[in-house]
Amino acid sequence: MQKKLVVLTGAGISAESGLKTFRDSDGLWEGYDVNEVATPRGWRKNPEQVLHFYNMRRRNVRDALPNTAHEELARLEEYFNTQIITQNIDDLHERAGSTQVLHLHGEIFKMRSELDDSLVYPIRDDIHLGDKGPDGGQLRPHIVWFEEPVPLLADAVRMVHSADIFVIIGTSLTVYPAAGLIDFALPQIPKFIIDKNIPHTRGIQNLYSIQKPATEGMQELKEQLLKHI
Ligand code: APR
C-alpha cells in the first residue's frame, strides 16, 4: 500500500510558468481591485469587467506550460498515492500528468449559469455578456469568488486529515478556508513547505521549510520524500 501524500498548491507553483501570483509585488491584485473582479458584488455591478478579467486569465493559462515543479509532482504518483488540492484555477497539474487534482477555487476552463450552479460547461475561449445557459442564465466563470461558499472544502479537509505526508507549495496562506487546511493534518505526520517566502504558520509540528522557488524546491523535496516511501 502506498502512503498518502497530500499536496496543497497555490499561485507560486505556476509562477515559473509565467502566470502571475496574486499578492507578490507585480501580482494580479496590484493591477486589479479584488472587490471589482472577484466578488458577487463586482459581478452584479459590472459583469463585463469580470468576464474580461477571466477571459484574460484563460488566455494566459492557454499560453502557459507546466514547469518542472508540476512535472515532478506528477511523477511522485509512482511512489505515493498523491492527491493534490490546488487553489489554482489553471490546469497545469493535469497537463503535467497528475491524476488526482481537486480545484478548491474552481477552474478557468469551465463556466456555469449564474442562475443554476449545477449547469457547468467546458470553455476554451472568451465568455461574452449575453452568452446564456439553457436556463436563460448569463454564463459566468466557474470560479469561487470571495464571499462565496467553497463547495469542495469538506472533501479537502478529509484528504488532509487522512494524509500520511502533507506538502504545501507556493501559497501565502492568507485566504481562508484554504489557509486553515494545514490545521487538519495530524500532528505526527511529516509536513513540508516550499515557498520563495515561507508564509507564517503557528504551532505546526514536524514542519520542514524549503525556502526556494518551486522548481528548485521540488528537487530538495523529492530527496526528502524518498526517505519516507
Ligand atoms: N516558487 C515558490 N513560491 C513562489 C514563487 C515561486 N517561483 N513565486 C511566488 N511564490 C509564493 C509567494 O511567496 C507567496 O507565498 O507564492 C505565494 C503566492 O501567494 P498568493 O499570491 O497570495 O497566491 P495564493 O496563496 O495562491 O492565493 C490564494 O487568493 O486571490 C485568491 O482565489 C485566489 O486562489 C487564490 C487565493
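Ligands are counted one by one from 1 in listed order, and the atoms in each one are counted from 1 as well.
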Enumerated ligand 1 atoms positioned under 4.0 Å from heavy atoms of [X]:
X: G170; answer: 3 (N), 16 (O), 17 (C), 18 (C)
X: W29; answer: 30 (O)
X: F146; answer: 30 (O), 31 (C)
X: N197; answer: 13 (O)
X: T21; answer: 9 (C), 21 (O)

- Message: Testing V61, I13, T21, V101 one by one against N88 for a side-chain contact (heavy atoms from CB on, under 4.5 Å), which residue passes?
- Response: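 The passing option is I13.
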- Query: Knowing that exactly one of N81, I229, L225 qualifies, which makes a side-chain contact (heavy atoms from CB on, under 4.5 Å) with L5?
  - Reply: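 With L5 as partner, side-chain contact (heavy atoms from CB on, under 4.5 Å) holds for just one option, L225.
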Please state which protein non-hydrogen atom is closest to [atom] and give its distance, to 0.1 Å?
atom: atom 34 (O) of ligand 1; answer: H105 ND1, 2.8 Å
atom: atom 26 (O) of ligand 1; answer: A11 N, 2.8 Å
atom: atom 22 (O) of ligand 1; answer: S172 OG, 2.5 Å
atom: atom 7 (N) of ligand 1; answer: E16 OE2, 3.3 Å
atom: atom 35 (C) of ligand 1; answer: F22 CE1, 3.5 Å
atom: atom 11 (C) of ligand 1; answer: D195 OD1, 3.1 Å
atom: atom 5 (C) of ligand 1; answer: G12 O, 3.6 Å
atom: atom 36 (C) of ligand 1; answer: V175 CG2, 3.8 Å

- Taking the six-membered ring of Y54, is NZ or CZ of R58 closer than 6.0 Å to its centre and within 45° of its axis?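 Here R58 fails the 6.0 Å and 45° test against Y54.
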Which option wins on minimum heavy-atom distance to [atom]: [options]?
atom: atom 27 (O) of ligand 1; options: R23, K212, Q87; value: R23
atom: atom 1 (N) of ligand 1; options: A179, A214, G10; value: A214
atom: atom 3 (N) of ligand 1; options: E216, K196, K20; value: K196

- Does any N/O atom on I194 come nearer than 3.5 Å to any N/O atom on ligand 1?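 N/O-N/O distance under 3.5 Å: no.
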- Item | Side chain, backbone, both or neither: A15 near ligand 1, heavy atoms under 4.0 Å |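 A15 to ligand 1: side-chain contact only, backbone stays beyond 4.0 Å.
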- Task: Between T171 and ligand 1, find which residue part has any heavy-atom pair under 4.0 Å and reply side chain, backbone, both or neither.
- Result: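 Both backbone and side chain.
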- Query: Within a radius of less than 6.0 Å around CD of Q188, do more than 12 heavy atoms belonging to other residues, nucleotides or ligands occur?
  - Reply: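 Yes, enclosed.
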- Message: With a sphere of 6.0 Å drawn around NE2 of H161, does it hold more than 12 non-hydrogen atoms of other residues, nucleotides or ligands?
- Response: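 12 or below, so no.
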- Residues R57 and D90 bridged, charged N to O under 4.0 Å: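 Salt bridge absent between R57 and D90.
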- Lys/Arg N to Asp/Glu carboxylate O, R44 vs E147, below 4.0 Å: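 Salt bridge between R44 and E147, a charged N being under 4.0 Å from a carboxylate O: no.
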- Message: Once rounded to the nearest 0.5 Å, what's the spacing between atom CD of E71 and atom OG1 of T215?
- Response: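 Result: 10.5 Å between the selected atoms.
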- Rounded to the nearest 0.5 Å, what's the gap from CD1 on I108 to CG on L19? Could you check?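 Result: 10.5 Å between the selected atoms.
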- Donor-acceptor under 3.5 Å (Q211 side chain, K196 main chain):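 Answer holds: yes.
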- Task: Examine distances only and state if a side-chain atom of D155 and a backbone atom of L152 form a donor-acceptor pair shorter than 3.5 Å.
- Result: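 Judged by distance alone, no pair lies under 3.5 Å.
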- Query: Taking a hydrophobic cluster as the set of Ile, Leu, Val, Met, Phe, Trp and Tyr residues connected by side-chain heavy atoms closer than 4.5 Å, whether directly or through intermediates, do V7 and M218 fall within one such cluster?
  - Reply: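 Yes, V7 connects to M218 through the hydrophobic network.
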